[in-house]
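Below, chain A is the first sequence line, B the second, and so on; all start at residue 1.
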Amino acid sequence: MTLDLFDSVGGTEPREEDLGPGARVLRGFALPHDAALLSALQGITDASPFRHMETPGGFRMSVAMTSCGAWGWVTDRTGYRYAEVDPVPERPWPTMPMAFLQLAQSAAARAGFADFVPDSCLVNRYDTGAKMSLHQDKDERDFSAPIVSVSLGLPAVFLFGGEGRADKPLRVRLIHGDVVVWGGPARLRYHGVMPLKPGHHPQLGAHRINLTFRKAR
DNA sequence: AAGTTGCA
DNA sequence: GAAC
């Protein structure tokens with residue numbers, strides 16, 4: 001059984017949900033049209049393909065990742081970092097598509113973060129069973145800019161914790177077109193994703209794609 | 001450890 | 001979900 005805590009008496013579904021100070025979900029945010037979205041994703045992955053990276057502990061991440069923008073997030077046995085050159089093709093990351101930049105900026109503005117200028121967009125592909133353990137985004141140089149996370153394709157349960165790893169996370173179901181923005185007092189909150197359930201999405205098939213915009217430098 | 005499990 |  002499920003209970004929607006935000007269901008209103010008037011029957012109008014709220015389009016935004018607060019997750020605490022500096023954090024909110026924007027439901028059904030305006031996305032680029034399907035052809036533009038898929039074409040932008042294809043352009044990125046043609047140049048910098050999805051790959052399963054390794055953590056410093058030597059474990060293979062279940063999520064397949066790539067990036068666009070000036071900086072891309074990478075991990076290997078030596079640690080986490082932002083890199084200007086994609087180590088797979090040994091070329092700079094693909095340019096951030098204008099439609100992605102505009103999406104990120106408008107979502108940030110809607111959530112109260114004006115003048116967001118991301119220089120990095122991590123593109124995460126979740127296949128059945130893929131997950132992301134609770135973690136903080138703390139490899140960026142400063143934390144004044146928010147994180148903007150766009151959900152595409154299959155639904156997933158997003159875990160949104162507190163500033164400490166032990167804080168019990170909220171569980172937020174995210175579907176295609178939902179955007180989560182967190183910054184300011186929420187910037188270092190732990191977050192993660194539960195294992196993806198199997199399914200099919202009209203545009204993205206058996207996958208969930210997550211675009212995570214940040215200012216790395 | 002953005003991980004897995006000699007767990008519970 | 002806790003522990004590591």
Side-chain angles (χ1 to χ4, degrees), chain A residues 1-3 19 22-23 25 41 44-45 48-88 93 96 100 104 118-143 145-174 178-183 186-197 207-217:
Chain A
M1 170 177 183
T2 59
L3 282 177
L19 298 179
V25 186
L41 285 170
I44 291 165
T45 57
S48 283
F50 284 119
R51 82 294 304 259
H52 294 273
M53 296 191 285
E54 287 185 10
T55 64
F59 298 109
R60 174 187 189 270
M61 295 184 72
S62 58
V63 176
M65 304 177 141
T66 187
S67 288
C68 63
W71 296 88
W73 186 84
V74 295
T75 176
D76 57 23
R77 277 91 3 147
T78 72
Y80 308 145
R81 63 193 172 276
Y82 281 95
E84 290 185 279
V85 173
D86 178 354
V88 171
W93 301 94
M96 191 181 299
F100 282 16
D119 56 9
S120 177
C121 173
L122 185 52
V123 184
N124 292 160
R125 191 195 66 205
Y126 293 76
D127 301 334
T128 301
K131 60 186 170 58
M132 186 80 76
S133 300
L134 224 47
H135 68 280
Q136 294 171 297
D137 286 11
K138 58 180 182 184
D139 300 317
E140 299 72 31
R141 185 153 64 183
D142 76 75
F143 303 130
I147 301 293
V148 173
S149 173
V150 179
S151 292
L152 303 172
L154 289 176
V157 176
F158 179 64
L159 303 172
F160 197 61
E163 295 182 27
R165 188 182 285 276
D167 298 339
K168 180 183 176 182
L170 300 172
R171 290 170 172 255
V172 183
R173 187 170 188 272
L174 299 177
D178 289 345
V179 181
V180 185
V181 181
W182 66 97
R187 177 61 179 74
L188 290 176
R189 284 178 66 175
Y190 277 85
H191 55 282
V193 178
M194 293 289 283
L196 194 78
K197 293 182 179 177
H207 312 107
R208 170 176 189 259
I209 302 282
N210 181 66
L211 308 176
T212 310
F213 298 88
R214 61 284 296 290
K215 185 169 179 355
R217 314 294 284 217

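A gap of 22 Å separates the P atoms of B:dG3 and B:dC7, to the nearest Å. B:dG6 and B:dA2 are spaced 25 Å apart, taking the C1' atom of each and rounding to whole Å.
Atoms CE (A:Met53) and C1' (B:dG3) sit 14 Å apart, rounded to a whole Å. The CE-C1' distance, from A:Met65 to B:dA2, rounds to 6 Å in whole Å. The NZ atom of A:Lys168 sits 14 Å away from the C1' atom of C:dA2 (whole-angstrom rounding). Protein atom CZ of A:Arg214 is 13 Å distant from nucleotide atom P of B:dA2, rounded to whole Å. In this entry the distance linking NE2 of A:His191 with C1' of B:dG3 reads 15 Å, nearest Å. Between the P atom of C:dA2 and the OH atom of A:Tyr190 lies a distance of 14 Å, rounded to the nearest Å. Rounded to an integer number of Å, the gap from A:Phe59 CZ to B:dT4 P is 7 Å. In this structure, the CE atom of A:Met61 is 14 Å from the C1' atom of B:dT4, given to the nearest Å.
Applying the Watson-Crick and G-U wobble criteria (two distances, each under 3.5 Å), B:dG6 pairs with nothing in any strand.
The side-chain tip of A:Arg125 points at the ring of A:Phe50 from less than 6.0 angstrom away and within 45° of straight on. With a 6.0 Å cutoff to the six-membered ring centre and a 45° limit on the axis angle, A:Arg189 does not count as a cation-pi contact of A:Trp182.
Summarising the geometry of A:Arg187 relative to A:Glu140, their closest heavy-atom pair is NH2-OE1, 2.8 Å, with the distance given to 0.1 Å.
Residue A:Asp76 is out of contact with every strand shown, counting any heavy-atom pair closer than 4.0 Å. At a threshold of 4.0 angstrom between heavy atoms, the contacts of A:Asn124 with the nucleic acid are absent.
OP1 or OP2 of C:dG1 has at least one side-chain nitrogen or oxygen of A:Arg171 nearer than 4.0 Å. At the phosphate of B:dA2, neither OP1 nor OP2 sits under 4.0 Å from any side-chain N or O atom of A:Lys138. When the side-chain nitrogen and oxygen atoms of A:Arg165 are compared with OP1 and OP2 of B:dA2, one or more of them lie within a distance under 4.0 Å. A close approach under 4.0 Å does not occur between any side-chain nitrogen or oxygen of A:Thr75 and OP1 or OP2 of B:dA2.
Only one option out of A:Tyr80, A:Trp73, A:Tyr82 pairs with A:Asp139 in a side chain to side chain donor-acceptor pair (under 3.5 Å); it is A:Trp73.
Not one N or O on the side chain of A:Asn124 forms a donor-acceptor pair closer than 3.5 Å with the backbone of A:Val63.
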